[in-house]
**Q** 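Got a structure here, written out as structure tokens. Questions coming.
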Amino acid sequence: PRYIDMENKIPLHVGIIMDGNGRWAEKQGKSRNFGHRAGRDRMIGLAAHARDRGIKYFTVYALSTENLARPQKELDSLFGLIRRYFASNIKKLYKENAAVRTIGDLSLLPDDIAKLLTDGEKNSPQNAGFTVVFAIAYGSRAEILSAVNKAVERGEILDEAGFEKLLYTSGLPNPDLIIRPGGETRMSNFLTYQAAYSELYFTDVLFPDFSDAEFDKAIENYAGRNRRFGKI
Ligand code: FPP
């Protein structure tokens, strides 16, 4: 099914917008890069926690197409974190029978990172019980446009299922819950099409402070909601 059974209160797929790393660091007089490293560590912790909670897909917004316009110094540090993660941490995920998947426009990234991301998917265990989806060089508008252009090129009229196969997220279930720490209440070009019926959870807690307990609060909040998908 595209969405989890409504009787089951654990979301199948959770997405998270990892916002507030820069402010978290600046509050302590530290560099923004220090904040991104803390964000990376929190992401790793949350992925393990999400798996322990029975969530099957965990999508992290690591770099948007718009983030690519940040100063080169900050980008280099984010690229460095991504490189190191995919060159080493990923092995730990594989050992735990977890897979990785990337969504985004890899052509916007340095070649070596694009290759690390492609290999990361290719080398993932088959029939993994848990998947971490990395949105990197990701933007919903670019994703939707690229799908539309593919359809136009083929001269095809598509239904929803056919269109969804052309999105970066092809084969993934839609997110049941999207969490945004960091105080902003917007979607910032994250999974616009896929989030049509997602539950949204916003909190002022900055991402590096978004603990496993804060995550559980979001899950509990989700469990208390009544999802009707437009029906009564
Ligand atoms: C937005 O917060 C966050 C980002 C642009 C980057 C998020 C990336 C990570 C947490 C690390 C990713 C690492 C790997 C290995 C994939 P912000 O820094 O813009 O916060 P601000 O709004 O406080 O400035």
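Remember, it's 1-based here, ligands and their atoms both numbered in the order they're listed.
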**Q** For ligand 1 and Y85, I'd like to know whether there is a polar contact (N/O to N/O, distance under 3.5 Å).
**A** no
**Q** Please report the interatomic distance CG(L46) to CE(M43), rounded to the nearest 0.5 Å.
**A**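 That separation rounds to 9.5 Å.
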**Q** Regarding atom 1 (C) of ligand 1: of the candidates M18, E26, R42, which has the closest heavy atom?
**A** M18
**Q** Check this for me - ligand 1, W24, N or O atoms closer than 3.5 angstrom, yes or no?
**A** no
**Q** Looking only at protein heavy atoms, which one is nearest to atom 19 (O) of ligand 1, and how far off is it?
**A**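 Ranking protein heavy atoms by distance from atom 19 (O) of ligand 1, first comes R70 NH2, 2.7 Å.
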**Q** Atom CG of L93 and atom CD of E96: how far apart are they, to the nearest 0.5 Å?
**A**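 Between atom CG of L93 and atom CD of E96 there are 6.5 Å.
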**Q** Same cluster or not: V148 versus L158, using hydrophobic residues (I, L, V, M, F, W, Y) connected whenever any side-chain heavy atoms lie under 4.5 Å apart?
**A**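 Linked, V148 and L158 end up in one cluster.
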**Q** Considering only non-hydrogen protein atoms, determine which one is nearest to atom 18 (O) of ligand 1 and report residue, atom name and distance to 0.1 Å.
**A**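 Answer for atom 18 (O) of ligand 1: H36 CE1, 3.0 Å.
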**Q** What verdict does the ring pair (Phe, Tyr, Trp, His ring centres under 6.0 Å) test give for F86 and F134, after you've listed the backbone C-alpha separation in whole Å, the side-chain angles of each residue and the deciding distance to 0.1 Å?
**A** CA-CA 11 Å; F86 278 84; F134 290 89; 4.9 Å; yes
**Q** List ligand 1 atoms under 4.0 Å from A62, heavy atoms only on the residue side.
**A** 6 (C), 7 (C), 8 (C), 16 (C)
**Q** Which atoms of ligand 1 have any heavy atom of R32 under 4.0 Å away?
**A** 17 (P), 18 (O), 19 (O), 24 (O)
**Q** Is I44 linked to I55 within one hydrophobic cluster, defined over Ile, Leu, Val, Met, Phe, Trp and Tyr using a side-chain heavy-atom separation of less than 4.5 Å?
**A**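 I44 clusters together with I55.
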**Q** Kindly confirm or rule out an N or O of N67 lying under 3.5 angstrom from an N or O of ligand 1.
**A**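 Not met; the criterion fails.
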**Q** Rounded to the nearest 0.5 Å, what separation is found between the CG atom of D105 and the CG atom of L68?
**A**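 Atom-to-atom, D105:CG and L68:CG are 9.0 Å apart.
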**Q** Between the candidates E184, R40, R23, which shows the shortest non-hydrogen contact distance to atom 13 (C) of ligand 1?
**A** R40
**Q** List ligand 1 atoms under 4.0 Å from G39, heavy atoms only on the residue side.
**A** 10 (C)
**Q** Could you grab the distance from atom CG of N89 to atom CZ of R84, nearest 0.5 Å is fine?
**A** 9.5 Å
**Q** I82 to ligand 1: N or O pair under 3.5 Å?
**A** no
**Q** Heavy-atom contact under 4.0 Å between G20 and ligand 1?
**A**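 Yes, G20 has a heavy atom closer than 4.0 Å to ligand 1.
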**Q** Honestly curious: do L75 and Y85 fall in one hydrophobic cluster under the side-chain, below-4.5 Å linking rule?
**A** yes
**Q** Within the structure, is a non-hydrogen atom of R84 found at a distance of less than 4.0 Å from ligand 1?
**A**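 No heavy atom of R84 comes that close to ligand 1.
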**Q** Roughly how far, to the nearest 0.5 Å, is the CZ atom of F163 from the OG atom of S170?
**A** 11.5 Å
**Q** What about N21: any of its N or O atoms under 3.5 Å from an N or O on ligand 1?
**A**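 For ligand 1, there is an N or O atom that lies under 3.5 Å from one belonging to N21.
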